[in-house]
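Following: one structure in structure tokens, then a few remarks.
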Amino acid sequence: MKPEIIVALDYDEFEPAAEIVKNLGSSLEWYKVGLELFVSAGPRIIEFLKENDKKIFLDLKFHDISNTVKKVSLAALKYGANIVNMHASGGVGMMKETADAVSEYCVKNNTAKPMLIAVTLLTSLDESYLKDNKLNFASTDDYVLHLAKEAKRSGMDGVVSSAKETPLIKKELGSEFITVTPGIRPSFASTDDQKRVVTPKDAKAMGTDFMVIGRPITKAEDPVWAAEKIKEELI
Ligand code: C5P
């Protein structure tokens, strides 16, 4: 199904994360493990997801010198994550060296290559970030598009972006270039602390490939009901 729903497991320990995965059962397939859960629970949560035949977005947002990001990305391959990400602002050299090394390793070892996704501009940052850092872009959209272009020419498979940026990214970089989109709020859910939200239906219309959804599912009274309702919204 496109877009796929990825449940954000934003927990600080293993048990509640495992509990929600078990509770959702066969309703949903994809889960995002971010820094908080990975640092708190360790690789055990990844093993648990694999044992339960789930697909994994390892959201650790690597950003370091090229050699380090290349090596940590190769180390991450052992988890069998389906999506791994890094910051586009780490530069073309960092992304390209990593993409080349990961592709080479996967071909050599006959293993599936994870999708390599670049984080463009964090949505917590705005025009003042461009100004403060003397980045000469007319708008955050221009900067996001610039970073997405850098990611593509480095051999990355796609970017994390807001749904609103997706049509421009797809238009400029092609429909095959993947977009992963947080900030999604189904019509029945509260917006929580998200400021610029998009409904699943609108995100689909904008061409998003993967929607990251956390609290509307994980904090719902009935997470299975919430997941099914979101799927309905996508039809
Ligand atoms: O609960 P909620 O649906 O808001 O969770 C969204 C998830 O996506 C969280 O893990 C959050 O950290 C992540 N995210 C985001 N906005 C970004 C990047 C990541 O909400 N720009």
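Reckoned from all heavy atoms, side chains included, excluding hydrogens, waters and symmetry mates. In listed order, ligands and their atoms are each counted from 1.
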Exactly which residues line ligand 1, taking a heavy atom under 4.0 Å from it as the test? Ala8, Asp10, Lys32, Thr123, Pro182, Arg185, Gln194, Val212, Ile213, Gly214, Arg215, Pro216
Residues 80-96 vs salt bridge (charged side-chain N to carboxylate O under 4.0 Å, His left out), sequence neighbours excluded, gives Lys96-Asp100
Below 30° counts as parallel, above 60° as perpendicular, anything between as tilted: where do the rings of Phe48 and Phe14 land? perpendicular
Decide yes or no on salt bridge (Lys or Arg N to Asp or Glu O under 4.0 Å) for Glu97 and Lys70, but give the supporting numbers first. CA-CA 6 Å; Glu97 202 173 309; Lys70 174 181 80 180; 3.6 Å; yes
Does a donor on one side chain and an acceptor on the other come within less than 3.5 Å for Glu228 and Ser27? yes
Establish, from distance only, whether the side-chain atoms of Ser128 and Asp126 form a donor-acceptor pair under 3.5 Å. yes
Mind telling me whether Phe38 and Tyr79 have parallel, tilted or perpendicular rings, with 30° and 60° as the class edges? perpendicular
